[in-house]
A.B. asks: 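I have a structure here, written as structure tokens, and I will follow up with some questions on it.
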Amino acid sequence: MKNELSLNRYLNLINKLKYYMIIIILIGIIVVILGNMDFAFLNKYYKYFIYGTINTIFLALFAVLFGVLLGIIISLMKLSSNKVMEIIGSAYIEFIRGTPILVQLYIVYYGLPKLGIQFPDIKLPLIGMIPGDFIAGILTLSINSAAYVSEIIRAGIQAVDKGQMEAARSLGLKHSTAMINIIFPQALKNILPALGNEFIVVIKESSIVSIIGIQELMYKADTVRGNTFQPFEPLIVAAIIYFILTFTLSKALGIAERRLKLSD
Amino acid sequence: MINIIDLHKNFGKHEVLKGINTEITKGEVFVIIGPSGSGKSTLLRCLNLIEQPTKGDILFENKSIVNGKTDINLIRQKMGMVFQQFNLFPHMTVIDNITFAPKKLLKMSKDDSNKIALKLLKRIGLESKADSYPASLSGGQKQRVAIARSLAMSPKVLLFDEPTSALDPEMVGEVLYVMKELANEGMTMVVVTHEIGFAKEVGDRVIFMDDGKIIETGTPEILFNYPNHPRTKEFLSKVL
């Protein structure tokens, strides 16, 4: 009986991990097919990947944080009854979504200093020094993410039944009170899952900032490629790490989403 | 109490209200009937400016509420509204639904507002549901809570927008019962409804609307038994 239970638990675990296993097995097959793959460099360079992964997570966290803050402002502008505000909000979203993130990165990193906006190194308690180009990277990712986040928020707010606002206003509540206390808490349920997906997108997009020399995962993988003269294997390692990050996150989101639905 | 003067409302090019003139006096149950699309809900929603009228004036206690000089939020506190779809706040418990507005607007303490809410819940027979969420209530219970929510602000008039249309037939009675009690206590009520029985029994005055105009006005006895206008006769022959 006891053995059966532990066997069940074991099968359960396998079930949960099956996607990871399938992907890792697939990669294994690729490795076998291509043959002659050599991951011995990891002994020497594994710290590069750890350091890069930490920086990638750090970048994505801050980008999403500021992206959400900016996204809230943009979405409120777009939903505003003030025509000027609405146009500015819409223009922002259209422009950011309609231009490549690489162009946006160059504009921020090379363009803004020309206009006199420098990116100083910042010293934060606990975290330590944040170099200036890191700030530029976070800024670009935030500006980019905000456009998508604002559309998520706008859709979440508009998905709340119109009758809720009418009921709140009919009681004599101000528009702002109704927004904050009645509409937003309900919109949050629509917004949170989509926001998690945005986090996943930002983790992947953050690889672009390696171009301006930010030492995140992609940059570190490139460094290892250069040092070892192995052009392929370090990329496989980076891909696996990216995949583990995003896939774990999306599974965690799935669980959180189910919990949210339960509380309905 | 409420005077409606040459009220017009357009949605784009479509004219929904084509000049409404009438008056609602204190303590009366004013029933609006008519076919769908006749503008009866729009008229009701104009009374507390949930819909902004295109033209005309509405006087509440002899003061215009349309001209923008009066604070509509203060007026709305005195005009409760009950919706067809209940529109309870799903993220709040029943008691929080009822106490939210008094706490925010009348700066009532939690204890005071809870006392009022429990009294109201007792009155509608839902005392035991105080800490439930709206999702766990039946349609009839939701609508009774919605009525209690409006009453918590001690309004001078209650507007009902087809309050029983979204209910299962067996739940209509419990909502109408609460409304009848309110009427007997002298509450001023404006009711858009398809419940002809309710209009007959409780209504003081009935208006029949069609195509954005008031076709006929009268006491329930006269309007339902001796309708004048052919359109009224046609409508009543279908619903009675």
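Per chain, numbering begins at 1; letters A, B, ... match sequence-line order.
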A.B. asks: Answer with side chain, backbone, both or neither: which region of F86(B) has an atom nearer than 4.5 Å to a non-hydrogen atom of chain A?
C.D. replies: neither
A.B. asks: Can you list the residues that meet the ring pair (Phe, Tyr, Trp, His ring centres under 6.0 Å) rule with F243(A), with sequence neighbours excluded?
C.D. replies: F247(A)
A.B. asks: Give a yes or no on whether the backbone of A146(B) and the side-chain of S150(B) come within a donor-acceptor separation of less than 3.5 Å.
C.D. replies: yes
A.B. asks: Taking the basic N atoms (NZ, or NE/NH1/NH2) and the acidic carboxylate oxygens, is any pair closer than 4.0 Å for K78(A) and E151(A)?
C.D. replies: yes
A.B. asks: Let me know if Q85(B) has heavy atoms under 4.5 Å from chain A in its side chain, its backbone, both or neither.
C.D. replies: neither
A.B. asks: Quick check on the interface: out of T177(A), N181(A), D161(A), who has the most heavy-atom pairs with chain B under 4.5 Å?
C.D. replies: N181(A)
A.B. asks: Under a plain distance cut-off of 3.5 Å, with no hydrogens placed, do E198(A) and S145(A) share a side-chain donor-acceptor pair?
C.D. replies: yes
A.B. asks: Sort F89(B) into side chain, backbone, both or neither according to what part of it lies under 4.5 angstrom from a heavy atom of chain A.
C.D. replies: both
A.B. asks: Indicate yes or no for a side-chain donor-acceptor contact from D168(B) to the backbone of E170(B) under 3.5 Å, with no hydrogens or angles considered.
C.D. replies: no
A.B. asks: M79(B) versus chain A, heavy atoms under 4.5 Å apart: side chain, backbone, both or neither?
C.D. replies: backbone
A.B. asks: Which one wins on heavy-atom pair count under 4.5 Å against chain B: R169(A), K162(A), M165(A)?
C.D. replies: R169(A)
A.B. asks: Give, as side chain, backbone, both or neither, the part of L88(B) having an atom under 4.5 angstrom from any heavy atom of chain A.
C.D. replies: backbone
A.B. asks: Go through the atoms of R149(B) and report whether side chain, backbone, both or neither lie under 4.5 Å from a heavy atom of chain A.
C.D. replies: both
A.B. asks: Write out all pairs satisfying side chain to side chain donor-acceptor pair (under 3.5 Å) with one or both partners inside residues 85-103 of chain A, taking only residues at least two apart or from two chains.
C.D. replies: K83(A)-E86(A), T99(A)-Q104(A)
